Protein chains: 2
Amino acid sequence: MSTSSVRALEHPAREDIRLEGVLHALSDPMRLQIVRFLWQLGEDGEAPCSAIDLAITKSTTTHHFRVLREAGVINQVYRGTAKMNALRRRDLDVLFPGLLGAIQSADAIQRERDGHDG
Amino acid sequence: MSTSSVRALEHPAREDIRLEGVLHALSDPMRLQIVRFLWQLGEDGEAPCSAIDLAITKSTTTHHFRVLREAGVINQVYRGTAKMNALRRRDLDVLFPGLLGAIQSADAIQRERDGHDG
DNA sequence: ACGCTAATACGATAATCTACGTACTACGAC
DNA sequence: GTCGTAGTACGTAGATTATCGTATTAGCGT
C-alpha cells in the first residue's frame, strides 16, 4: 500500500495570509534569498530546498522554508524524495496586488546598489 | 541662550536604508498602524507621537517610533515640546519605487477584508 | 535488505524583540 | 521658579527567533 505520499503539509488558505506575516517572512536575508531564487525561476517555477546554496546548515534551511510556507509565501509539495518549493505568486497577487513585485524590484535595486551582478 | 533645540536624532542616510530593515519595521501591527496614520496625513503630513492612539504604554510607543526611524521609514524632529513624525516618502520612493505604496495598498485591502471602515 | 540522498524532528543556546514600570529630561505656560 | 505635558532612559521579564548538532524518517536505486 502506497498511494502518492501520505505526508501532507499545512498551508494557510489564501484568505488567511496576513500582510504582517508576509513582511516578517521577507525581512530575513536568508528568506529573501530563497524568494529571490524562486522568483528567478519564473512563473510556475519550482525547486527543491537543496537547489539553493545558503550559508547555513540544512536544519536551519528547513526552518526558513517552513516560515515562508506558514506565512503563505511559498507552496511546498513532496515529489519523490525531494520537496518542491514554489512562490505563491498568484495567491499573493490576488490578495495584495503589486506587493510581491514591488518587493522583488526593491530587492533587485538594492543588490545592484550593493554591487552584485545580475 | 536657546537656538532651536540641540537635541538631534540619528537618521540613516537614504542610501543606508536596507530593504530587510524596512520590511522588518513594517511587520509589526503597531508600527503598521503608525505608518498607516502618517500615510493618511498625506504628502508632507506630520504628527506628534501622541496623536496616535496605540493600545500600549508611552515607553513602548517610543520604542516603536525609534525602530521606524532607525529603519529609515520615518523622520523625527523636535518641535518645541513635541516630536513630529513624518513618513520618508520621497526617500523611500527614490530608493525602492512603488514599495511603500504597494504595502499601503495591501494594508488597506487587508483592513477592508477584516471589516474596518475607511 | 542495504546504502544514498533529501529533508524533518528534537533539543539546546544565544540573540533579539515587545512590553512594562519607574525615574528622568525638555519645553512651554503661568 | 513651579507645574503640566511630551517624550526618553533604563532595567527587566517573557516570548520569539536563528542557529546549530545529532538522530531519524521517506523514498529511490541496486
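Below, chain A is the first sequence line, B the second, and so on; all start at residue 1. Note that the coordinates shown come from a computational prediction; the quantities given were computed from them, not determined experimentally.
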Exercise answer: donor-acceptor pairs, residues 65-72 of chain B side-chain atoms, under 3.5 Å, sequence neighbours excluded:
residue : atom : partner : partner atom : Å
B/R69   : NE   : B/Q76   : OE1          : 2.6
B/R69   : NH1  : B/E10   : O            : 2.9

### Message
Between P on C/dA19 and CD1 on B/I34, what's the gap in Å once rounded to a whole number?
### Response
10 Å

### Query
For A/H11, what residues pass the side chain to side chain donor-acceptor pair (under 3.5 Å) criterion, not counting sequence neighbours?
none

### Query
Rounded to whole angstroms, how far apart are CD1 on A/I74 and C1' on C/dA7?
13 Å

### Message
For residues 36-48 of chain B, which residue pairs pass the salt bridge (charged side-chain N to carboxylate O under 4.0 Å, His left out) check, not counting sequence neighbours?
### Response
B/R36-B/D107, B/E43-B/R90, B/D44-B/R90, B/E46-B/R79

### Query
What is the distance from CG of B/L9 to P of D/dA6, rounded to the nearest Å?
18 Å

#### Entry: Protein-nucleotide distance (A/Y78, atom OH; D/dT25, atom C1'), rounded to Å
10 Å

### Side-chain N or O of B/T61 closer than 4.0 Å to phosphate OP1/OP2 of D/dG7
no

### Query
Residues in side-chain contact (heavy atoms from CB on, under 4.5 Å) with A/T57, at least two apart?
A/S59, A/T60

### Task
Would you mind reading off the distance between A/Q76 atom CD and C/dA6 atom C1', rounded to a whole angstrom?
13 Å

### Test side-chain contact (heavy atoms from CB on, under 4.5 Å) applied to B/A13 - qualifying residues, sequence neighbours left out
B/E15, B/D16

## Note on the structure
Residue pairs passing the salt bridge (charged side-chain N to carboxylate O under 4.0 Å, His left out) test with at least one member in residues 109-118 of chain A, sequence neighbours excluded, are A/D114-B/R18

### Task
May I have all residue pairs that pass salt bridge (charged side-chain N to carboxylate O under 4.0 Å, His left out) and include part of residues 92-105 of chain A, sequence neighbours excluded?
none

### Smallest separation among heavy atoms of A/M30 and A/D28, with atom names
N-OD1, 2.8 Å

Polar atom pairs between nucleotides 1-5 of chain D and protein, under 3.5 Å, N or O only, would you list them?
none

### Query
Within this structure, what is the CZ-to-C1' distance between B/R66 and D/dA6, rounded to whole angstrom?
15 Å

### Message
Generate the contact string for nucleotides 16-22 of chain D. Rules: B means base contact, S means sugar-phosphate contact only, - means no protein heavy atom under 4.0 Å.
### Response
-SBBBB-

### Task
Would you check, one step at a time, whether the test side-chain contact (heavy atoms from CB on, under 4.5 Å) holds for B/L99 with A/I103?
CA-CA 6 Å; B/L99 180 65; A/I103 293 175; 3.6 Å; yes

### Query
How close or far is atom P of D/dC28 from atom CZ of A/R79, stated in whole angstroms?
12 Å

